[in-house]
Amino acid sequence: MTYNPYTSAPPVKSASSSTSATDPLFGFLPRNVNVKQVLKAMDGDVNPFTRQPHSEQYKKILQIRKKLPVFAQMEDFLKMFSENQIIVMVGETGSGKTTQIPQFVCYSDLPHTKRKLVACTQPRRVAAMSVAKRVADEMDVQLGKQVGYSIRFEDMTEPGTTFLKYMTDGMLLREAMNDPNLERYSTIILDEAHERTLATDILMGLLKSLAKRRPDLKIIIMSATLDALKFQKYFSITENGEPAPLFKVPGRTHPVEVFYTQDPEPDYVEAAIRTVLMIHRAEDPGDILLFLTGEEEIEDACRKIKLEADDLMNQDPESVGPLVCIPLYSSLPPQQQQRIFDPAPPPRVPEGPPGRKVVVSTNIAETSLTIDGIVYVVDPGFSKQRVYNPRIRVDSLLVSPISKASAQQRAGRAGRTRPGKCFRLYTEKDFMTELEEQTHPEILRSNLANVVLELVKLGVKDLVRFDYVDAPAPETLMRALELLNFLAALDDDGQLTALGSIMADFPLDPQMAKMLIVSPEFRCSNEVLTIVAMLSVPNVWIRPPNQRKEADAAKAMMSVPDGDHLTLLNVFNNYMQNKHDRNWAWNNYLSQRALAQAENVRAQLQHTMERFDIDLVSTDDQRKLYTGIRQALCCGFFMQVAHKEGEKGAYITVKDNQVVALHPSCGLDTQPEWVIYHEFVLTTKPYIRTVTEVKAEWLLEFAPQYFDMSAFPDGETKRALLRVQNKRSRKAIEGANGNSKGIERPSKKARK
DNA sequence: GAGCACTGC
């Protein structure tokens, strides 16, 4: 007998040979389980999911779990879960919701009895892994068996056995592309929904409509308090328009006292340094966390704090202790990131004033990393945020004021182990009136080419009318549709083409997917695969401040004069040839970590290519190979072309007419007339970065729709293109005439 | 003659 999810489920009978006496779940009615039943099963000697005796460790952990705030509310939760399809849940840090709620769900939903899974999504890979590990311990099972996780590059689940799966939100979205009804799942929990990642936002839209098609699917949205009402209203799917029910769990944190400045601070870095030193001099022992915006600012501040703190200590060793300053940002190697967990330094002399640790961090310490022992937070109120300008199609990073929610999150970092203090370097009035409530969700700040392709593949017909939690600007959607149409991923009616369907299966930007898919036609798919992988990982070049010359020289050795894309290929090939030498990357000022990551991505993409029978080919002729690669590049990135104007090295982007300069990191040895660029960065001025020379002929040949002269804005770029076009047509005519006279020309070529 | 906020597939 197969289980039909659309009918009410029978109570659990002894599934195998066991009897009621030995089956801890005997008599459990799926989705109608009460707290007494669950507690009895949890307290029993036999693990209900493995039928093995519970370990001693299990019982110890269970005692700790029972003290979590959420545990006391199991009864209410089970009731609400039984009675509703969708629940919005709020719980502050320390409530235990991420570990406990999915377990409660399993006891009620009993996914293993119907060959289904409970999924719990996380915005970050590390969280998915570490929470799964913790929950496997709590349930007394081996990680990867009944409880597992699934993230890119690593599937720690066992089909048929795993019934509770932690996963990244992006991973669930990928799964939805091949199974729009998400049939494998009986309950889906979206955790950290308030972070509003692109993937979580899209999943919310999908789940809302899926809830109607699959009345048997239960959905739980977990978030921080501030956003609850918005989600409750959004998930109001009953006829009478009632908001989705709310389940509240108290947190368990210590109070944090917040201080504001009297007047606005003109220089937040200087004010931050001053505040850190003030705390060090005048406040009780306890570590400090200072939020700044980027690598350079952080390294600079660390140097200054260190200098001044040493000064203070030398002047007044009786009352000022030693201080260590630790920088923290994502591009730091993991080993150095670990330093944030080092204890504060000991007093310099026995019985002397105690030492203090200062962590100077980007936003990474706001959500991704928690540092225990922080008592003081210094918050200047800024972070770097991505903004997308659809008009000129440019992504950039801007230092912007944070939101109130962000400021609260930062303050909370001071109260994790004991009561703390937060020093905000802005006025209370500014906090109240100037800061936005929430950070704008990613979907409002991003280029959506990828998302649109995914949605179309998911079967969403009308992208503009899709039920978004927050709808993106129509212009952003139009830009994405336009790009996908030029790439032939969508036809003129907005329908997914066969090519587009393949493109969507690659975890890549559409331009790169296109370039990879066409690369066998240019006999260079091996190489394009490498380039695409290298473009998908963080910067491989390392440039230590005191060894810039050496680093630049090492880079010059590896550079290919025709373009940075070819240089990336060269770097990867050299890396592979020197893999036996563990110091090779370091000696060449390259990031071992990024290169290893590229290798990983390359293997994954190769696997996808094989699935679609896309050939992996190369040619032996180096010249032809490089030409082929640059032509394939044109097929994907024809909308990112710049034309040299004048002799001073200024470039103008085609159609968008932005004046840009080659980025100083660019390895071209000349300034070619036409270049393709991988990214447009707006820093001190507009730059194009990762640049390769191309020929105008190729653009006309491989992207005729985009380079249609009748629809091209007037200007120097158009005149240059027209000259090339005329030359091409003259050649074509001469070629045709030549052919009509005989085989003179081709035979000459053949003799060469 | 500059710089990678942070995630994710």
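Naming convention: chains lettered A, B, ... in sequence-line order (proteins, then strands); numbering from 1 in each chain.
Listed nucleotides: B:dA5, B:dC9, B:dT7. Nearest to the side chain of A:K384: B:dA5. Counting only heavy atoms from C-beta on, A:E295 has its side chain closest to B:dA5 among B:dC9, B:dC6, B:dA5. Listed nucleotides: B:dG1, B:dC6, B:dC9. Nearest to the side chain of A:P507: B:dC9. Comparing B:dT7, B:dA5, B:dC9 by their nearest atom to the side chain of A:R445 picks out B:dA5. The side chain of A:R124 approaches B:dG8 more closely than any other nucleotide in the set B:dC9, B:dG8, B:dA2. With distances taken from any side-chain atom of A:E442 to the nucleotides B:dG1, B:dT7, B:dG8, the minimum falls on B:dT7.
Using a 4.0 Å heavy-atom cutoff across all strands shown, A:F153 reaches no nucleic acid atom at all. A:T362 comes within 4.0 angstrom of sugar-phosphate atoms only, judged by non-hydrogen atoms across all strands, and of no base. Across all strands, A:R196 comes closer than 4.0 Å to no nucleic acid atom at all (heavy-atom distances). Nucleic acid contact class of A:L397 (heavy atoms, under 4.0 Å, all strands): base. Nucleic acid contact class of A:L198 (heavy atoms, under 4.0 Å, all strands): none. The residue A:E296 sits close to a base: some heavy atom pair falls under 4.0 Å. Residue contacts shown for A:P123 are limited to sugar-phosphate atoms, with no base heavy atom under 4.0 Å away.
With hydrogens and angles ignored, a donor-acceptor pair under 3.5 angstrom links the side chain of A:R543 to the base of B:dA2.
Separating the CD1 atom of A:I151 from the P atom of B:dT7 is a distance of 13 Å, rounded to the nearest angstrom. Spacing between atom CD of A:E366 and atom P of B:dT7 amounts to 12 Å, rounded to whole angstrom units. One atom, CZ of A:R386, and another, P of B:dA5, lie 13 Å apart when rounded to the nearest Å. With rounding to whole Å, A:K685 atom NZ is found 10 Å from B:dA2 atom C1'. Rounding to whole angstrom units, CG of residue A:D191 and P of B:dG8 are separated by 15 Å. Rounded to whole angstrom, the span from the CG atom of A:L516 across to the C1' atom of B:dC9 amounts to 15 Å. Rounded to whole Å, atom C1' of B:dT7 lies 15 Å from atom CD of A:Q409. Rounded to whole angstrom, the span from the CG atom of A:L292 across to the C1' atom of B:dA5 amounts to 12 Å.
Between A:S330 and the phosphate of B:dA5, there is no side-chain N or O to OP1/OP2 separation shorter than 4.0 Å. Proximity of A:S665 to the phosphate of B:dA2: no side-chain N or O atom is located under 4.0 Å from OP1 or OP2. For the OP1/OP2 pair of B:dC9 and a distance below 4.0 Å, the side-chain nitrogens and oxygens of A:R125 include at least one atom meeting the criterion. OP1 and OP2 of B:dA5 both lie 4.0 Å or more from every side-chain N or O belonging to A:Y329.
You'll find the ring centres of A:Y687 and A:F680 outside the 6.0 Å limit.
Side chains of A:R413 and A:T370: a donor-acceptor N/O pair is absent below 3.5 angstrom, by distance only.
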Output side-chain donor-acceptor pairs under 3.5 Å for residues 661-669 of chain A, partner residues at least two apart or in another chain, one line each.
unit_1, atom_1, unit_2, atom_2, d
A:H663, ND1, A:S665, N, 3.1
A:H663, ND1, A:S665, OG, 2.8

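Distance alone, capped at 3.5 Å, places no donor-acceptor pair between the A:Q409 side chain and the A:A405 backbone. Put simply, the side chain of A:T362 gets close to the backbone of A:I364: a donor and an acceptor are under 3.5 Å apart.
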Working for side-chain hydrogen bond (donor to acceptor under 3.5 Å, both in side chains), residues A:Y329 and A:E299 | CA-CA 10 Å; A:Y329 42 88; A:E299 294 289 358; 2.4 Å; yes

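Each of A:N363 and A:F506 has a nearest nucleotide on DNA chain B; the 5'-most of these lies closest to A:N363.
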